[in-house]
Amino acid sequence: MTDRINGLTTKEVSTLQEKYGLNELIKNEKPNPLKKFIGVFKEPMFLLLVGASTLYFILGQPREGIVMLAFVISVVSITFIQEWKTEKTMGALKGLTSPQVYALRDGKKGLIKSSELVPGDIIYIAEGERIPADCQVIEASNFSVDESILTGESEHVFKLPKELSESSDDHWKKYMLYAGTLSVFGKCTAIVKLTGFNTEYGKIGKAVSEAKDELTPLQKKMGELVKAIAITGIILCFSVMVLSYFYNRNLLSSILSGITLAMALIPEEFPVVLAIFLSLGASRLAKKNALMRKISAVETLGSTNVLCVDKTGTITQNSMKIKKVYVNNELQDSTAFTDENLSKITILACEKDPYDPMEKAIIENGERNISLNELYNLELCQKFAFDSKTKRMANIFKLNEYYYAAAKGSPETIMPLCNLSDEEVKKIEEAIDKMASKGLRVLAFAECKNDKLLEKLEDYLLNFKGLVGLQDPPKDGVLEAIKTCNNAGIRVVMITGDYSKTAVAIGEEIGLKFASKSITGDEIDCMSEQQLCEAVKSCDVFSRVIPEHKMKIIKALKNNGDIVAMTGDGVNDAPALKNADIGIAMGKRGTEVAKEAAHMILIDDNFTTIVESVRDGRRIFDNIRKAIVYIMIIHIPIAALALFAPIFNLPQILLPMHIMLLELIIDPTCSIIFEGEPEEPYIMNQPPRSPKEPLLTKELTKKVIAQGVTMFLAAFLPFHYLVDTGSSVEYARSFSLITLIVANVILVLVNRSNTQYLIHIFKEKENKARLFINSISLVILACIVYIPILQPLFKTSAVHLKMLIVAAFIGIASTGWWELVKIYKNVKNKRC
Ligand code: ADP
Ligand code: MG
């Protein structure tokens with residue numbers, strides 16, 4: 001039996017865990033190495049390699065055949081390692097977003113992973129959490145659960161300890177909480193009885209609706225691109241085979257030419273680059289307090305153009321301070337606030353042990369005038385809890401012969417319950433206006449005595465007692481972050497349950513674009529869909545809204561073609577979070593349900609982090625694009641060399657061996673360099689990328705062709721010349737290879753940035769991969785040209801120093817010339 005005060009001990013937990021296993025409803029599918037292994041064999045590149053190596057054996061060149069096979073093995077292992085790494089990163093991220101629960105262990109209450117629960121654990125459930133296991137209630141306060149997932153009943157069920165619940169034969173017990181169901185209200189302490197597959201939920205065997213990672217839009221686009229290139233490749237291949245056969249009447253060697261070209265053309269790096277960039281991007285974001293629950297969010301972040309954010313706690317600090325008080329028909333500074341009676345009401349209208357910073361501030365302030373002990377001895381008989389719809393709450397206490405009610409809430413919801421003359425109402429409203437226009441949150445307080453308890457708060461006849469104006473300043477950095485958004489073409493929309501004037505004042509203070517007016521929840525209710533679509537175009541402040549309105553706002557924005565990010569924390573926010581292009585749940589304040597529905601979790605609840613994530617999203621996309629452009633460019637000289645040699649009836653410049661080296665080892669590694677490149681300085685000074693924009697824009701296509709063709713010419717023309725002037729093919733080939741690989745190194749360094757020049761690499765050294773990978777390329781080059789045992793394999797011969805310098809120089813010039821284009825563009829951009 002569990003110790004109710006200290007919970008289980010670590011030792012007990014580990015024995016129980018051994019006995020019962022992890023509290024999981026879906027077996028985590030272990031990646032199957034065999035399946036992966038077979039998957040590699042289906043890759044076209046692999047098949048081509050095997051084909052080429054077989055041909056070599058048939059042609060009587062077993063040494064080449066063996067080297068080919070060695071390549072096959074290295075390709076298989078590289079693919080393996082990459083997938084393993086990607087999966088590990090993803091797995092780590094999944095672990096970070098897996099559900100957690102407060103549990104009592106070793107006498108301490110702490111957050112643990114729900115999967116680590118064992119029978120006997122004592123856990124604490126709050127509003128908006130998914131019940132992690134089947135448990136029995138120990139203590140419940142106003143705690144209700146949505147069990148529809150198990151029972152189909154949509155009505156919420158109130159839970160009670162066993163002693164208090166009447167016995168019934170019903171299968172579903174009032175004192176039990178069932179795994180998979182949802183807490184919708186109140187708090188509860190419970191002891192775990194059954195875990196994992198032993199729970200009711202586990203028995204039904206319903207798979208938990210885990211969000212499967214689908215392909216991101218980018219991955220889909222990329223798939224199409226790869227397909228188009230592959231089809232072109234096949235057609236070209238056959239043409240080359242036929243052409244080559246026409247020249248030399250040698251079937252096997254023409255097939256080899258065809259295969260060579262096919263290998264040169266297949267852009268097999270694309271999907272790999274995407275997967276790696278996105279997952280590394282997500283893990284970088286996680287380090288900066290933004291957890292991605294869906295990998296596609298990384299991509300969407302970059303094209304977001306509207307950020308809908310909650311005011312309290314996200315934009316503002318949620319550390320409230322009382323600034324003004326309206327009491328006895330007079331507006332005073334809080335320092336002058338000494339009214340004992342109002343202090344009493346303010347304290348009694350709050351929770352006893354509040355979580356809400358606003359209530360904390362109220363109690364702190366009231367405590368100066370009256371002692372808490374005295375008040376907290378009163379017996380609480382009835383409670384009307386706060387909810388965002390009614391916007392008010394009240395506590396009713398027993399006081400001698402009568403009951404005493406203390407109520408607080410938004411003035412609009414409290415004043416109608418009080419007996420106020422028109423004149424009084426006018427005076428109070430003036431005071432509210434004065435406070436709200438300074439950005440203060442205004443709360444009204446009322447009290448009454450009654451001789452019996454009544455069912456609804458509306459039934460009590462309240463006496464208006466005063467107003468309190470609380471200040472909640474914007475968080476540090478919010479002003480700058482909003483400026484950044486304005487420059488980046490991103491609109492920030494503030495959504496709040498607060499009063500219009502207060503919201504507008506704060507909206508103006510933080511510099512929202514359309515902050516001079518606000519649309520209220522009531523106004524939204526009165527609008528047609530079309531009217532709302534029109535209205536959201538020029539309004540950045542929504543006030544007095546409830547979570548249900550968020551959904552309408554999102555729909556309207558999306559209808560207008562905006563890409564919308566929306567923050568939320570409560571249970572009611574879940575639908576809006578799901579429907580937004582990016583739903584962002586608060587990590588600290590957020591309920592488990594909101595987190596489940598969201599695409600991204602904001603660990604520090606901070607608006608600035610959202611803006612930083614957008615910046616990162618843009619950078620990641622930019623770098624993916626740079627890598628793709630690089631891969632496209634480098635395919636041009638390789639494929640063109642394979643294509644043009646037979647056309648000009650020259651010996652093959654690049655043999656399958658070289659193509660493998662370039663395409664399977666050097667290029668994929670070089671493309672990884674782009675992942676670590678810093679952002680372009682203009683990245684947050686331009687409007688967001690349209691999701692409809694193709695991956696390869698016209699301008700980029702021009703760049704690809706220009707750079708690719710010069711690289712090709714730089715490798716092809718010297719080869720042609722050298723062969724014509726009587727040099728050996730090996731010598732000419734070595735010359736071309738030097739040009740090509742040096743050009744490749746420079747290409748990476750030139751294309752890493754659109755604004756920073758090549759020489760800046762000596763200044764910016766953060767990207768360590770850059771230096772390392774480029775050096776390796778050059779070392780490989782030196783090996784295949786100068787190491788005698790490798791020469792016959794790669795059909796090369798040593799190039800003497802003078803020619804080496806010439807070749808290197810041609811290589812540098814063939815891609816370095818783009819620096820001139822950069823200079824031209826930079827100058828042009830500065831001028832306008
Ligand atoms: P926000 O979107 O700014 O977090 P809320 O929905 O929390 O807004 O609050 C909306 C309004 O409800 C507030 O402006 C205030 O008038 C009232 N209110 C908020 N919290 C309480 C509370 N604990 N007790 C009474 N009234 C409250
Ligand atoms: Mg709030």
Side-chain angles (χ1 to χ4, degrees), residues 128 306-316 318 356 358 386-393 409-414 432 436 439-444 470 472 474 491-508 510 512-560 562 564-580 583-586 589-591 593-594 597-598 605 607 610:
V306 181
L307 297 178
C308 296
V309 236
D310 295 314
K311 174 177 78 72
T312 314
T314 310
I315 285 185
T316 63
N318 202 8
D356 190 342
M358 181 175 73
F386 172 76
D387 93 53
S388 52
K389 260 193 200 128
T390 59
K391 295 193 172 53
R392 64 185 172 216
M393 65 175 283
S410 72
E412 308 101 286
T413 59
I414 291 291
I432 295 173
L440 299 184
R441 162 176 283 202
V442 184
L443 279 186
L470 296 120
D472 181 18
R491 244 177 79 201
V492 180
V493 172
M494 187 172 82
I495 295 183
T496 177
D498 226 330
Y499 184 56
S500 309
K501 276 233 166 110
T502 311
V504 164
I506 292 184
E508 281 176 339
I510 58 174
L512 297 184
K513 207 164 157 198
F514 306 113
S516 55
K517 66 172 190 330
S518 84
I519 296 179
T520 63
D522 288 342
E523 282 163 1
I524 292 178
D525 285 334
C526 297
M527 287 184 197
S528 71
E529 252 172 61
Q530 235 163 4
Q531 282 171 321
L532 186 60
C533 286
E534 218 25 66
V536 294
K537 281 184 190 161
S538 56
C539 179
D540 286 345
V541 179
F542 290 86
S543 56
R544 287 292 189 235
V545 295
I546 53 171
E548 283 74 2
H549 292 127
K550 283 188 172 178
M551 192 70 186
K552 289 194 175 172
I553 297 172
I554 286 200
K555 275 202 184 135
L557 286 167
K558 277 177 98 175
N559 221 328
N560 293 343
D562 291 322
V564 191
M566 168 75 83
T567 64
D569 48 19
V571 183
N572 303 338
D573 286 334
L577 291 179
K578 224 175 209 154
N579 270 280
I584 305 173
M586 295 299 141
R589 264 184 297 133
T591 55
V593 179
D605 292 13
F607 174 70
I610 305 181

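Starting from 1, each residue takes its place in the sequence as its number.
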Might you point out which heavy atoms bring [X] and [Y] nearest each other, and give the distance in Å?
X: I506; Y: G439; value: CD1-O, 3.7 Å
X: T591; Y: G128; value: CB-O, 3.4 Å
X: D573; Y: G568; value: OD2-CA, 3.4 Å
X: I414; Y: G409; value: CG1-N, 3.6 Å
X: G313; Y: N318; value: CA-CB, 3.7 Å
X: T520; Y: S500; value: CG2-OG, 3.3 Å

Notebook entry, point to check: Charged N to carboxylate O under 4.0 angstrom, D540 versus K513?
Noted result: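 Salt bridge flag = no for K513 with D540.
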Next item on the list: May I ask you to say whether D498 pairs ionically with K311, meaning some side-chain N is under 4.0 Å from a carboxylate O?
Entry: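 Salt bridge flag = yes for K311 with D498.
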Rounded distance [0.5 Å steps], [atom1] in [X] versus [atom2] in [Y]:
X: T496; Y: I315; atom1: OG1; atom2: CD1; answer: 9.0 Å
X: E548; Y: S388; atom1: CD; atom2: OG; answer: 7.0 Å
X: N559; Y: I554; atom1: CG; atom2: CD1; answer: 12.5 Å
X: D472; Y: R441; atom1: CG; atom2: CZ; answer: 7.0 Å
X: T502; Y: L470; atom1: OG1; atom2: CG; answer: 10.5 Å
X: F607; Y: T567; atom1: CZ; atom2: OG1; answer: 9.5 Å

Next item on the list: May I ask you to check whether over 12 heavy atoms, not counting those of K558, lie within 6.0 Å of atom NZ?
Entry: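 More than 12 within 6.0 Å, yes.
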Notebook entry, point to check: Near E529 CD, under 6.0 Å, is it more than 12 heavy atoms from other residues, nucleotides or ligands?
Noted result: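 No, CD of E529 has 12 or fewer neighbouring heavy atoms, counting only those of other groups under 6.0 Å.
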Next item on the list: Among K391, R392, R544, find the one that has a side chain to side chain donor-acceptor pair (under 3.5 Å) with E412.
Entry: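 When K391, R392, R544 are each tested with E412, the side chain to side chain donor-acceptor pair (under 3.5 Å) holds only for R544.
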[X] vs [Y] side-chain heavy atoms within contact, under 4.5 Å:
X: I510; Y: M494; value: yes
X: V442; Y: Y499; value: no
X: T390; Y: T413; value: no
X: V504; Y: K501; value: no
X: I495; Y: M566; value: yes
X: F386; Y: D356; value: no
X: N572; Y: I546; value: no

Checklist line | Side-chain (N560) to main-chain (D562) donor-acceptor, under 3.5 angstrom | finding: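 No, the answer is negative, given that no donor and acceptor are paired below the 3.5 Å cut-off.
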Next item on the list: Sort and list the pairs that fulfil salt bridge (Lys or Arg N to Asp or Glu O under 4.0 Å) and have at least one residue in residues 514-525, not counting sequence neighbours.
Entry: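 Sorted result for residues 514-525: D525-K552.
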Check: Under the side chain to side chain donor-acceptor pair (under 3.5 Å) test, which residues partner T314, sequence neighbours left out?
Finding: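 Partners of T314 by the side chain to side chain donor-acceptor pair (under 3.5 Å) criterion, ordered by chain and then number, come out as R589.
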Next item on the list: Go through R491 and F514 one step at a time and tell me if the side-chain contact (heavy atoms from CB on, under 4.5 Å) criterion holds.
Entry: CA-CA 9 Å; R491 244 177 79 201; F514 306 113; 4.1 Å; yes
